[in-house]
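Letters A, B, ... are given to chains in the order of the sequence lines, protein chains preceding strands, and every chain is numbered from 1.
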Number of protein chains: 2
Amino acid sequence: MTIMISAQPVEIPGMLEARGISATRQRREIARVLLGKAQHVTAEQLMDELALHGQAISKATVYNTLKLFVDKGLLREVHVDATRTVYDTTTTPHHHFYNADSGQLSDIPLEEVAITALPNPPEGTVSEGVDVIVRIRNR
Amino acid sequence: MTIMISAQPVEIPGMLEARGISATRQRREIARVLLGKAQHVTAEQLMDELALHGQAISKATVYNTLKLFVDKGLLREVHVDATRTVYDTTTTPHHHFYNADSGQLSDIPLEEVAITALPNPPEGTVSEGVDVIVRIRNR
DNA sequence: TTAATTGCAAACATTTTGCAGGTTC
DNA sequence: GAACCTGCAAAATGTTTGCAATTAA
């Protein structure tokens, strides 16, 4: 049996510091689990995942950290379901399929959607971005 | 002072029955407040509005009725904010501006958005529709 | 008169908060 | 050692549920 003590890449603390996030143990752990691969995760799924690896982190800290990572541009929130917030590790602009049957989200690369007409934002406002959600259902 | 007792159009009960909804007092009242004009309303706003007209309806019934109206195609749910469900009285396909500062939603008519490329839905799924949300911010 | 509907209060689920104790620089 | 961070438990929010009383067909 192999015992893995802190098998995290050296890059993680650096990546956090680069965003002005001090790299505490909990934040490194969450970064290791979440970042580095494209995925959509809820707070609960993250807590389960952490617990599975014997790295349980309190609810408060998980929520604090998710919010911090969103503020610092490491994560994006996606709202498709009224009940929970999904955190998306892909922070560059892109779109989503949302499977209404399974609740699953999947990414659509930006270049696969072409929007050739859009109205101007109302007076006094500026556009921050466009989200396209293609609602799908199992056949 | 004018006392208005049940100043609702005759059409409402008919509109409800046409959808297989029996027209109870509460449902007629909610239909009267909501339907017939394009708007975006939360459950709480609806309850406040009803209370304001001396027609308070219990939370359970408001939620039951909103869900019923959605099932029967009189309303659409919109999810832009993690915390609450917004009910949209416009049930035909269209898109939205979402003001992240004020939380305000506004409609974009279908024809003002042109999408000229979209990927095919994943194997085993079919598309149910496309929602475009233009996130805006006060200048 | 039988089934459907309502309303209350309690239950739920997710997220936030207050604060005491720990950690970091 | 000062500021920041964590974790617990409790609070807050929005929504749902169980069930007895009421209303509708």
Side-chain angles (χ1 to χ4, degrees), chain A residues 6 12-14 16-33 40-51 54-72 74-87 103 105, chain B residues 6 8 12-14 16-33 40-51 54-72 74-88 103 105:
Chain A
S6 176
I12 287 181
L16 296 177
E17 306 286 3
R19 304 263 179 171
I21 300 169
S22 64
T24 65
R25 182 181 66 75
Q26 290 83 345
R27 291 168 180 178
R28 275 182 273 128
E29 204 53 46
I30 291 174
R32 190 166 69 79
V33 169
H40 304 99
V41 174
T42 64
E44 195 183 11
Q45 289 169 346
L46 172 57
M47 293 186 63
D48 290 350
E49 180 71 19
L50 289 163
Q55 298 286 348
I57 295 175
S58 80
K59 207 189 289 191
T61 299
V62 166
Y63 278 102
N64 283 342
T65 302
L66 287 171
K67 185 179 292 176
L68 180 67
F69 283 11
V70 169
D71 281 356
K72 300 300 185 177
L74 290 175
L75 290 176
R76 265 182 52 171
E77 293 183 348
V78 184
H79 304 297
V80 268
D81 182 308
T83 56
R84 63 257 250 68
T85 300
V86 175
Y87 295 87
L105 267 180
Chain B
S6 179
Q8 51 188 244
I12 287 182
L16 295 178
E17 306 285 2
R19 303 264 179 170
I21 300 170
S22 63
T24 64
R25 181 180 67 76
Q26 290 84 342
R27 291 170 180 176
R28 273 182 273 129
E29 205 53 46
I30 291 175
R32 190 165 71 79
V33 170
H40 302 100
V41 175
T42 63
E44 195 182 13
Q45 288 168 345
L46 172 57
M47 293 186 65
D48 290 350
E49 182 69 19
L50 290 163
Q55 297 286 347
I57 294 176
S58 79
K59 204 188 289 191
T61 298
V62 166
Y63 278 103
N64 282 342
T65 303
L66 288 171
K67 186 178 294 177
L68 180 67
F69 282 11
V70 168
D71 282 355
K72 301 299 186 178
L74 291 173
L75 291 176
R76 265 183 51 172
E77 293 183 349
V78 184
H79 304 296
V80 267
D81 181 309
T83 56
R84 61 260 248 62
T85 299
V86 176
Y87 295 87
D88 189 340
L105 268 180

Legend entry - Along DNA chain D, first and last positions that approach a heavy atom of chain A under 4.0 Å: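 Both ends considered, the range comes out as D:dC5 to D:dC8.
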
Check: [Y] and [X] side chains under 4.5 Å, non-hydrogen atoms:
X     : Y     : result
A:E77 : A:Y87 : yes
B:V41 : B:L75 : no
A:R25 : A:Q55 : yes

Legend entry - Residues in salt bridge (Lys or Arg N to Asp or Glu O under 4.0 Å) contact with B:R27, at least two apart in sequence or another chain: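 If we apply the salt bridge (Lys or Arg N to Asp or Glu O under 4.0 Å) test to B:R27, skipping adjacent residues, there are no hits.
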
Inset, instruction - Could you pull out all residues at least two apart from A:H79 that satisfy ring pair (Phe, Tyr, Trp, His ring centres under 6.0 Å)? - result: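 None.
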
Inset, instruction - Please give the angle, rounded to 10 degrees, between the axes at the start and the end of the helix from C:dT1-D:dA25 to C:dC25-D:dG1, where five pairs define each axis. - result: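 Between the first-five-pair axis and the last-five-pair axis there is 30°.
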
Inset, instruction - Do nucleotides 8-25 of chain C as a string where each nucleotide becomes B, S or -: B if the base has a protein heavy atom under 4.0 Å, S if just the sugar-phosphate does, - if no protein is that close. - result: B-----SBBB--------

Inset, instruction - Scan residues 59-70 of chain B for pairs that pass side-chain hydrogen bond (donor to acceptor under 3.5 Å, both in side chains), counting only residues two or more places apart or in two chains. - result: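 Residue pairs with at least one partner in residues 59-70 of chain B: B:S58-B:T61.
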
Legend entry - Rounded interatomic separation in angstrom, taking CG from B:L66 and C1' from C:dG7: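 These atoms are roughly 16 Å apart.
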
Inset, instruction - Please state how far atom CZ in B:F69 lies from atom P in C:dT5, giving the value in whole angstrom units. - result: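 For the pair B:F69 CZ and C:dT5 P, the rounded distance is 12 Å.
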
Measure the [atom1]-[atom2] distance between [X] and [Y] for me, rounded to the nearest 0.5 Å.
X     : Y     : atom1 : atom2 : result
B:I21 : B:I12 : CD1   : CD1   : 11.5 Å
B:I57 : B:E49 : CD1   : CD    : 11.5 Å
B:E29 : B:L46 : CD    : CG    : 10.0 Å

Inset, instruction - List the steps and the verdict of side-chain contact (heavy atoms from CB on, under 4.5 Å) for A:L105 and A:V86. - result: CA-CA 9 Å; A:L105 267 180; A:V86 175; 3.8 Å; yes

